[in-house]
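The structure appears right after this line, and notes come after that.
Note that the structure is a prediction, hence the values are computed from the model and not measured. Every chain is numbered from 1, with letters handed out A, B, ... down the list of sequences.
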There are 2 protein chains.
Amino acid sequence: MTSARGTGPDTGIKSTDTLISILEVLQSRDGAGVTEIAEELDRSKSTVHSHLQSLRAHRCIRKDGTTYRLGLRFLSFGGHACNRTGLLEIVRPEVDGLVEETGETAQMVVEEHGRGIYVCQSRGAEAVRTDSHVGTEVGLHCTAVGKAILAHLPEDRVREIADRHGLPPRTDETVTDLDELFAALERVRERGYAIDDGERIPGIRCVAAPVRTDDGVIGALSVNGPTKRLEGEYFREKLPSLVGRAARVVEINATYA
Amino acid sequence: MTSARGTGPDTGIKSTDTLISILEVLQSRDGAGVTEIAEELDRSKSTVHSHLQSLRAHRCIRKDGTTYRLGLRFLSFGGHACNRTGLLEIVRPEVDGLVEETGETAQMVVEEHGRGIYVCQSRGAEAVRTDSHVGTEVGLHCTAVGKAILAHLPEDRVREIADRHGLPPRTDETVTDLDELFAALERVRERGYAIDDGERIPGIRCVAAPVRTDDGVIGALSVNGPTKRLEGEYFREKLPSLVGRAARVVEINATYA
DNA sequence: ACGAACGTTCCTCGTGACCGAACCGACCCG
DNA sequence: CGGGTCGGTTCGGTCACGAGGAACGTTCGT
């Protein structure tokens, strides 16, 4: 069984391990007190307290009364991370365009360390409210964006990712078998786009197209919405063509920038 | 002069100090190598290296060939930080609305630790390209959003912030005197909105309105654009009324959520 | 007014962060 | 091809410093 000290890897600088585990607790609870964190991580209150003090001195967390919360400084770090290539500038108009054309939710997801991260999202007026937003992490095997990305990664890379993160089921529809996943990826390559039919959230369908440059896949664009609105010819023909076109525009702008 | 060990405070957990200083270097350079970071921070290569290894194991940074870069995981932390109240959900439509009405750039800025951080931004087709994006940090004294926020903070809080961060000049127009700043804040309170006329970036004007709830100011909304398009009655009357109306909508939705 | 629960401070001990130096591999010269 | 340079990576000893327990202060609720 895994150690009582959270779930993170125990490697390199130990203080960093505890630091990150504290951040993870803050993230999972939307803020917490010293005792709460200490118990969760099975560490002394004083240890947690001094870490929190240090993080606060660096403006990484904020203290509202007696509860500590993640700070906005991480947005600053993260913003730099995904804006360094000017990617957002290129992506936003296309994501907004997809929302205008469909009225649903559209987003751009980028792969990093075998996980998908939303870097841009736009929601239509009638769009369903999901819990996802910029910064949300998703597994690659259970989302359309994920499969669109995986389909264009080298096979051993896919195995490595599946090995590292597993294929945890999110709903009854989630692909949990590696061979089955590879078959799905083959279909994605044939069609040029990926779909997710309730594999992450029941009742939610999603169409995604990969965004590829000379460096390989840099991410995927997608539109998602309720199954009842996304069906028939619209779901099978129109939506893939809209998403695909947007993805190609991003590709072109990304390669000449 | 300042110490050779970066600029951060030396308090609490020392490893955290070095960790953050490394992140700061990565941020300021858009990625860097081990040696480069070690020299910048005046530390041994091995120290920097083990920190980088550790950060990478936690998916906080990525390694492209031989250069290390900030990772998207920070977006995940930051996203949680600014989305916990559902604020973004409320703000985005208003920011987008302002862009539609003006064609310029609009944004929401939130104060934290005496600095302003962009949590939402939208750019019109004709909007000027500035270097700001979600996650960008700005000083409060030299921006319209900042002054809109400061104007509704307690006076001692303002002094504290000015004391901590100073009033560094960004352009010839920047307010650098504390009394002058207080006078400006008084005008902001009278008018209900704040302006920035080239105080941060020459040739760029900005109109901002505070967003206040029972908890105090939670941030400010603003529109900015080139001086030549933002002038006369439009700048003095129309724009403030548009921005103010959007801010009030956010206020209402934020208090009943 | 009392007790409980929590955040904060203090102090002591054992360890892990730091460094220097050696190692390795890539790249660039002649 | 071979030597040199520049970068990243590995290794082991040392001593500052982070961990932890206990005591203290404060803020609740009753």
Side-chain angles (χ1 to χ4, degrees), chain A residues 3-26 28-71 113 215, chain B residues 3-26 28-71 113 215:
Chain A
S3 96
R5 292 281 157 92
T7 52
D10 275 6
T11 174
I13 313 284
K14 289 281 174 55
S15 331
T16 300
D17 296 340
T18 65
L19 187 156
I20 299 286
S21 67
I22 288 173
L23 295 180
E24 283 170 348
V25 172
L26 290 179
S28 69
R29 312 245 180 139
D30 279 11
V34 176
T35 310
E36 192 179 349
I37 300 170
E39 279 176 2
E40 169 77 23
L41 298 176
D42 194 19
R43 311 203 84 112
S44 73
K45 285 196 293 180
S46 47
T47 299
V48 171
H49 180 255
S50 59
H51 272 278
L52 290 170
Q53 287 291 91
S54 196
L55 280 165
R56 197 154 76 101
H58 289 289
R59 312 202 321 273
C60 289
I61 59 174
R62 47 183 304 169
K63 187 183 175 184
D64 294 343
T66 180
T67 65
Y68 292 87
R69 297 179 194 283
L70 290 175
H113 298 284
D215 305 339
Chain B
S3 105
R5 291 283 158 93
T7 51
D10 275 5
T11 174
I13 315 283
K14 286 282 171 57
S15 331
T16 300
D17 295 341
T18 66
L19 187 154
I20 298 286
S21 67
I22 287 173
L23 294 180
E24 283 171 347
V25 173
L26 289 180
S28 69
R29 312 246 179 138
D30 279 11
V34 176
T35 310
E36 190 180 350
I37 301 170
E39 279 176 2
E40 169 77 24
L41 298 176
D42 194 18
R43 309 203 87 113
S44 72
K45 286 195 292 179
S46 48
T47 300
V48 171
H49 180 255
S50 61
H51 272 279
L52 289 171
Q53 287 292 89
S54 198
L55 280 165
R56 197 154 77 101
H58 289 288
R59 311 202 321 273
C60 290
I61 59 173
R62 50 183 302 169
K63 186 184 175 183
D64 294 343
T66 180
T67 64
Y68 292 87
R69 297 179 194 284
L70 290 176
H113 299 285
D215 304 340

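- Look at B:Glu39 and B:Lys45 and you find no salt bridge, because none of the NZ, NE, NH1 or NH2 atoms lies under 4.0 Å from a carboxylate O.
- The base of C:dG16 lies outside donor-acceptor range of the side chain of A:Lys14, with no N or O pair under 3.5 Å.
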Tell me, with the steps shown, if A:Ser15 and A:Thr18 meet side-chain hydrogen bond (donor to acceptor under 3.5 Å, both in side chains).
CA-CA 5 Å; A:Ser15 331; A:Thr18 65; 5.7 Å; no

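- Of all nucleotides listed (D:dG18, C:dT8, C:dC19), D:dG18 comes nearest to the side chain of A:Ser15.
- Note on A:Arg43: every side-chain N or O is 4.0 Å or more away from OP1 and OP2 of D:dA19.
- The backbone N or O of A:Ile61 lies less than 3.5 Å from a partner atom in the side chain of B:His113, making a donor-acceptor pair.
- A salt bridge links B:Arg69 with B:Asp64; the closest basic N to acidic carboxylate O contact falls under 4.0 Å.
- Set against C:dC18, D:dA19, C:dC6, the side chain of B:His51 has C:dC18 as its closest nucleotide.
- If you measure from atom NE2 of B:His49 to atom C1' of C:dA22, you get 15 Å, rounded to the nearest angstrom.
- Closest to the B:Lys45 side chain, of the nucleotides C:dC6, D:dT9, C:dT8, is D:dT9.
- Atom-to-atom, CG of B:Asp64 to C1' of D:dG8 comes out at 15 Å; the value is rounded to the nearest Å.
- Atom CG in B:Asp17 sits roughly 17 Å away from atom P in D:dA16 (whole-Å rounding).
- The base of C:dG20 sits within donor-acceptor range of the side chain of B:Ser46, with an N or O pair under 3.5 Å.
- Between A:Asp42 atom CG and D:dG21 atom P the separation is 10 Å, expressed in whole Å.
- At a threshold of 4.0 angstrom between heavy atoms, the contacts of B:Ser50 with the nucleic acid are absent.
- Atom-to-atom, CD1 of A:Ile37 to P of D:dA19 comes out at 14 Å; the value is rounded to the nearest Å.
- As rounded to whole Å, 16 Å separates atom C1' of C:dC18 from atom CD1 of B:Ile13.
- Proximity of a side-chain donor or acceptor of B:Ser54 to a complementary backbone N or O of B:His51 within less than 3.5 Å is not detected.
- When distances are taken from the side chain of A:Tyr68 to each of C:dC19, C:dT8, D:dA19, the shortest belongs to C:dT8.
- Residue B:Ser44 places its side chain closer to C:dC19 than to any other of D:dG8, C:dC6, C:dC19.
- At the phosphate of D:dG7, neither OP1 nor OP2 sits under 4.0 Å from any side-chain N or O atom of B:Thr35.
- Here the side chain of A:Thr47 is nearest to one of D:dA19, C:dT8, D:dG7, namely D:dA19.
- Taking atom CD on A:Gln53 and atom C1' on D:dG18, their separation rounds to 15 Å, with Å as the unit.
- Whole-Å rounding puts the A:Leu41 CG to D:dG18 P distance at 18 Å.
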